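Worksheet: one structure, shown below.
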Amino acid sequence: MKKLIQDFELIKYKELNCEHFVLDIKAKEALPEILPGQFVNVKVDNNSSVFLRRPLSIHNVDYERNVIQLFVKRVGEGTKSLGELKIGDTLSVVYPLGNAFSIPKNAKTLLIGGGCGVAPLLYLSKFLHQAGNEVTIILGVRSAHDSVSLEAYKPYGRVLVTTEDGSQGEKGYPTQHSVLTNESFDYSFTCGPEPMMKAVAAYSKANDVTCEVSLENMMACGFGACLCCVTDTKKGNKCVCTEGPIFNIKDLKW
Amino acid sequence: MKKLIQDFELIKYKELNCEHFVLDIKAKEALPEILPGQFVNVKVDNNSSVFLRRPLSIHNVDYERNVIQLFVKRVGEGTKSLGELKIGDTLSVVYPLGNAFSIPKNAKTLLIGGGCGVAPLLYLSKFLHQAGNEVTIILGVRSAHDSVSLEAYKPYGRVLVTTEDGSQGEKGYPTQHSVLTNESFDYSFTCGPEPMMKAVAAYSKANDVTCEVSLENMMACGFGACLCCVTDTKKGNKCVCTEGPIFNIKDLKW
Amino acid sequence: MVNLEVKLKDLVLKNPVMTASGTFGFGEEFADFIDLSDLGGFIVKGTTRHHREGNPYPRMAETASGMLNAVGLQNKGVENFCNDIYPRIKDYKTNVMVNVSGSVVGDYVETAAMINELDHIPGIELNISCPNVKEGGMAFGTSCASAEEVVREVRKVYKKHLMVKLSPNVTDITSIAKAVEGQGADSVSLINTLLGMAIDAETRKPLLSTVTGGLSGPCVKPVALRMVWQVAQAVGIPVVGLGGIMNAKDAIEFILAGATAIQIGTANFIDPQVSVKIVKGIEDYMIRHKVSDINDLIGAISLA
Amino acid sequence: MVNLEVKLKDLVLKNPVMTASGTFGFGEEFADFIDLSDLGGFIVKGTTRHHREGNPYPRMAETASGMLNAVGLQNKGVENFCNDIYPRIKDYKTNVMVNVSGSVVGDYVETAAMINELDHIPGIELNISCPNVKEGGMAFGTSCASAEEVVREVRKVYKKHLMVKLSPNVTDITSIAKAVEGQGADSVSLINTLLGMAIDAETRKPLLSTVTGGLSGPCVKPVALRMVWQVAQAVGIPVVGLGGIMNAKDAIEFILAGATAIQIGTANFIDPQVSVKIVKGIEDYMIRHKVSDINDLIGAISLA
Ligand SMILES: Cc1cc2nc3c(=O)[nH]c(=O)nc-3n(C[C@H](O)[C@H](O)[C@H](O)COP(=O)(O)OP(=O)(O)OC[C@H]3O[C@@H](n4cnc5c(N)ncnc54)[C@H](O)[C@@H]3O)c2cc1C
Ligand SMILES: Cc1cc2nc3c(=O)[nH]c(=O)nc-3n(C[C@H](O)[C@H](O)[C@H](O)COP(=O)(O)OP(=O)(O)OC[C@H]3O[C@@H](n4cnc5c(N)ncnc54)[C@H](O)[C@@H]3O)c2cc1C
Ligand SMILES: Cc1cc2nc3c(=O)[nH]c(=O)nc-3n(C[C@H](O)[C@H](O)[C@H](O)COP(=O)(O)O)c2cc1C
Ligand SMILES: Cc1cc2nc3c(=O)[nH]c(=O)nc-3n(C[C@H](O)[C@H](O)[C@H](O)COP(=O)(O)O)c2cc1C
Ligand code: FES
Ligand code: FES
């Protein structure tokens, strides 16, 4: 897949809660094919302490309007400044980057996301649904107040929620949801904090579920040129930006 | 005079021509006493290639509304980014800095400004007028299209214009204006490109006119701490930011 | 039309813009973004005698106007380069050079000798300045004696263009430059990264697995420019300048300071098209300043 | 309440925050902005035996996340300091130290001897690392032998706290640090500025009258932090860390790397209140991290 560097225009900003927001960015040209799990690398121009681009998963794609949606969590200067962009501002984007989630056919699939780890799961659920899979999505958040945009997932599958304080859905972490013990799945896909992904991996191993995770890493380039973003796998150091970010857990040392 | 560091709010932006613009910035507290010729040092937060503050003369002061006016010429990244600030944005300002023009009484005074060198002359003409001086202001610009805000000066004196292309007022440089040969003055004050200021200095020396100029220099601090901004005077190296920016030409090696 | 062609001794570059080792992969990674034949040349990743896994994660930290890296020369070794990679990249219509690294002199020599056999590789860049490996690496580039030794031995087996990449982590870079010139280097390139460090105040941990790493990006430009200027006056061989070049203006500054060619490093990560934009920007500058031959700008700083 | 007091040998600082020579005038310039007694100490401008006019204009250029300066130790000489300035600043309730510079050993010694007589000056910072003077200056700080000589001679006449300020423009800063420790330095401060250069591509002229100058600001922080960490492990005397500190987080990083105290330089130009904000910020950090004594953070980098 050919990678591009293009200017996008910010056309919509949606604040979800104090930590998360969604950006709709629009290209002038038609978008190339984008697969679920891939990411963009954006330049943050409005902050003097940000030097490198910032990698963000592709949350959703609207080919008709040439729009990509990003789901961002404020963690430091770069993400904070992305949230301060004004409608009409230009964003330089390098994309589509990285490999993609596998799309099985007619299988029982489980998607587990926590925090900004939900980012790639919306677009993934669309693909899984289209391929005739049964899709269950568990989104884990701290409290009801943080659980957002659930509607977006509903056309593609069953949406379950866990909250740490029990204010919505089941209380606990997403990996503690009762559906994991009550039902069985063929595939699991997860993205979010490492401890959560490791719990999903452990569950998947124990239950013989094929499991793919989306890893994060410090990235300088995002397209395989710098070798900064390696993760230690059973086959040696692998670049998260080109050989990932999606890894099958059987290749990881988890 | 006590120096302050304060946050101002941008309340008005006025584009004058492709090169110049005026910013009205408002303090929360009452302004301290500000003398004509003094400057502010502003922080440019919206550009990653700007590190140090940027010195700008005080163009006008409105004590009633706590507003300072700045007259800015786009020359590089810092001034360009100041022109991109949005109404409501915050600007960190260190001020009032530097010495001031002398204010004679009941004298014939001549103010000559070129380019963004007009910046300190508006506020100066106000003071000169109040002290009972006869005030003549010559503003030199490239063409009629660039001659702007002349109205602001009119309450304080006679305003003359020179344009390089003759499209308004007299054709030529401000130092070639006929008033310089047809009338005599006691004091001259000038700010603008160095060649112009040197021409005013030469004229003043030849005609025994007391002359003060406003010098520019590369500044790191603006308040005498770094010794970066020296100019070579008859009394040795002097700091432009504390012993200037206003110098009597008799002290300069011009 | 302006002339952009420069020569590093016998090596002809269609323009002075090369890309820096470790920041340009094997060139292929950039083929989606630019036409590689628009470049004066590019230098592939640091290659060593044997496969190296590089350093553990984390290998990168952002700093003010720059970054630290601790990649540690991850590569599959020179045999893999010759057999697998060379066939894929040998036909790019530009100078493809290989950055050769090692931990003992013998490794440098063997690697260079193998690359000497590759017809489409017109030169190597001898990396005696890598701060990210425990043994060898930078140590060779910080004393005249060891720099001389490695260049002398490699020169015996390597017949094509021998560029030597110098470390900025020294008291007097001109003495190292003169030392390698004396042993037959055809050109010197500088600077490699400055040795730096970053700590996360919250966790109290270093941000790199190796604690210290190599600093690059615009933050190092003033140091790089100074060293290029000093070395250009000290040696007779061509100087290739790099360190923090982000745009054509920066590139011109290095050329004015005495660089015959320049390399783009970290900037490639932020804008993968920056190298060809810089070629174009240099041309625009020359037209604007009525300079018809780029060679007239080399060392043309005005000190009057 | 947390304890912020640190000791540089016998010199007690109420907190680890000092301000750096050449960036803080004589302190007076900041009296409008801050209460100087809130600082652990401040170091006045570089003072020499005789009056110096400094370098011609231009003396300053902005760079990516930093600046170059070529002030060149402009000052009225030590006699003027003792007679005119000292009486004005001697009663500030903080440690007022003098940065002593020179071009020959005798000058350093005479200057130090005169300052030794000033009751309210508890120490000097011996500047063997100024890159902006033609003779002496940095040269003293780039070889062990000359660093040793100047420290040995000054030590003979100077009885109070002798801090020696090291140059980063060296291959191995730990050897210089050990050399000055061996001659009786009470502490070392580092880093002084990195030697850099800037050119205006449009005019082809250097941006500084002296062509090269000293680089400071956040761009040098990774190099400074690395050197502080290296030196803290190499010497037994306290280390004072500086170079690009802009906020409390940066200050904490230097302390974790092994600095007993820190100095704020270039940041003072951008925010004249930054030094006291950093004192406050360190306190906040300690409260948040439940550290009751700042001394527990010194060198507390976690390398596990
Ligand atoms: C492939 C990929 C996809 C991602 N997708 C998303 C997404 O869809 N939405 C989203 O909000 N975030 C996503 N992230 C994480 C996002 O890139 C970082 O949060 C962001 O770069 C932090 O930048 P900052 O300037 O805000 O924070 P900084 O000030 O740079 O850092 C704040 C803290 O976060 C850590 N950090 C920064 N970058 C990374 C990183 N790349 N990996 C791990 N830790 C990091 C830093 O060490 C520091 O502790 C993704 C990361 C990767 C690698
Ligand atoms: C006391 C004082 C008062 C000033 N008043 C005004 C004013 O009222 N309105 C106004 O528009 N400008 C004024 N200036 C000039 C203004 O400070 C500079 O134009 C500005 O700092 C340039 O910043 P920049 O980032 O846009 O340009 P840069 O990219 O920093 O520089 C662009 C070019 O301008 C030169 N330059 C930058 N700063 C200075 C400087 N301080 N002195 C001389 N040359 C410089 C640079 O060398 C470069 O060639 C004043 C300067 C001083 C010292
Ligand atoms: C991620 C990374 C990897 C690098 N790897 C190498 C290398 O293998 N060999 C080498 O000689 N230099 C290597 N360098 C140094 C660069 O080639 C260059 O000298 C340095 O980054 C300064 O230039 P810049 O500021 O333009 O990046 C590397 C730099 C970076 C940032
Ligand atoms: C304008 C200026 C003048 C300086 N003058 C001196 C000096 O006289 N003596 C000295 O030892 N260091 C001097 N320095 C160096 C600083 O004290 C400090 O070591 C250096 O700037 C690094 O710290 P920073 O990055 O926090 O500024 C000067 C620095 C600047 C920017
Ligand atoms: S981020 Fe550069 S190789 Fe992955
Ligand atoms: S700008 Fe610092 S002394 Fe004038």
Side-chain angles (χ1 to χ4, degrees), chain B residues 1-7 32 40-45 47-55 75-79 81 91-98 194 215-244 252-253, chain D residues 19-34 42 44-46 51-76 132 198 202 207-209 213 216-219 244 246 265-274 277:
Chain B
M1 288 171 73
K2 192 175 152 78
K3 300 180 199 81
L4 304 169
I5 175 168
Q6 276 179 357
D7 281 346
V40 299
N41 212 0
V42 302
K43 192 149 173 287
V44 180
D45 277 327
N47 186 313
S48 60
S49 59
V50 178
F51 176 61
L52 297 164
R53 287 175 181 265
R54 295 293 187 260
V75 302
E77 290 294 314
T79 47
S81 295
L91 204 63
S92 165
V93 180
V94 176
Y95 79 112
L97 301 173
E194 201 168 291
L215 296 187
E216 290 198 3
N217 208 306
M218 300 305 292
M219 294 187 175
C221 70
F223 52 88
C226 74
L227 301 188
C228 285
C229 66
V230 293
T231 197
D232 187 21
T233 73
K234 287 182 188 153
K235 295 172 187 161
N237 280 332
K238 296 269 177 205
C239 264
V240 171
C241 74
T242 49
E243 301 172 280
L252 297 178
K253 290 188 172 169
Chain D
T19 52
S21 177
T23 69
F24 207 67
F26 293 109
E28 302 168 305
E29 292 81 353
F30 287 78
D32 278 356
F33 300 108
I34 59 171
F42 67 84
V44 304
K45 282 187 219 278
H51 171 95
R52 287 179 59 99
E53 270 297 291
N55 293 318
Y57 172 82
R59 290 181 173 183
M60 194 278 283
E62 190 180 62
T63 64
S65 299
M67 61 176 277
L68 287 163
N69 89 81
V71 171
L73 295 175
Q74 174 177 336
N75 80 103
K76 297 214 168 87
N132 290 326
E202 292 303 311
L207 284 172
L208 299 176
S209 65
S216 65
C219 56
M246 299 299 282
T266 306
N268 291 307
F269 303 152
I270 294 167
D271 179 356
Q273 298 176 326
V274 70
K277 286 181 186 160

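Lettering follows sequence order; numbering is per chain, from 1. Fair warning: this is a prediction, and the values are worked out from it, not measured in the lab.
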Between [Y] and [X], is there a side-chain heavy-atom distance shorter than 4.5 Å?
X: D:Tyr57; Y: B:Asp232; result: no
X: D:Asn69; Y: B:Cys226; result: no
X: D:Asp32; Y: B:Phe223; result: no
X: D:Met67; Y: B:Cys228; result: yes

Please look at [X] and chain B and tell me whether the side chain, the backbone, both or neither of the residue comes under 4.5 angstrom of a heavy atom of that chain.
X: D:Thr266; answer: side chain
X: D:Gln273; answer: side chain
X: D:Phe26; answer: neither

Donor-acceptor under 3.5 Å (D:Glu62 side chain, B:Phe51 main chain):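 Yes, because the side chain of D:Glu62 sits within donor-acceptor range (under 3.5 Å) of the backbone of B:Phe51.
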Whether D:Arg59 side chain and B:Val230 backbone form a donor-acceptor pair below 3.5 Å: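 The answer is no, because no donor-acceptor pair under 3.5 Å joins these two groups.
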For chain B, the option from D:Ala31, D:Gly27, D:Pro218, D:Pro58 that forms the most heavy-atom pairs under 4.5 Å: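 Most heavy-atom pairs under 4.5 Å with chain B: D:Pro218.
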Which of D:Cys219, D:Gly22, D:Gly25, D:Gly66 touches chain B most, by non-hydrogen pairs under 4.5 Å: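 Of the options given, most contacts go to D:Gly66.
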Working for side chain to side chain contact (heavy atoms under 4.5 Å, CB included), residues B:Leu52 and D:Met60: CA-CA 11 Å; B:Leu52 297 164; D:Met60 194 278 283; 3.6 Å; yes
Under 4.5 Å from any heavy atom of chain D - which part of B:Asn41: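 Neither the backbone nor the side chain of B:Asn41 comes within 4.5 Å of chain D.
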Between [atom1] of [X] and [atom2] of [Y], what distance do you get to the nearest 0.5 Å?
X: D:Gln74; Y: B:Asn237; atom1: CD; atom2: CG; value: 5.0 Å
X: D:Glu29; Y: B:Cys221; atom1: CD; atom2: SG; value: 8.0 Å
X: B:Arg53; Y: D:Phe269; atom1: CZ; atom2: CZ; value: 12.5 Å
X: D:Leu73; Y: B:Leu227; atom1: CG; atom2: CG; value: 10.0 Å

Chain D contacts, top residue of B:Ser48, B:Ser92, B:Ala220, B:Gly224 (heavy-atom pairs, under 4.5 Å):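 Most pairs with chain D among the choices: B:Ala220.
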Top of B:Met219, B:Lys2, B:Lys43, B:Lys3 for chain D proximity - count of heavy-atom pairs under 4.5 angstrom: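 Greatest number of close heavy-atom pairs with chain D: B:Lys3.
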NZ/D:Lys277: more than 12 non-hydrogen atoms of other groups inside 6.0 Å: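 Yes, because the 6.0 Å sphere around NZ of D:Lys277 holds more than 12 heavy atoms from other groups.
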Heavy-atom neighbours of B:Lys234 NZ exceed 12 at 6.0 Å: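 More than 12 within 6.0 Å, yes.
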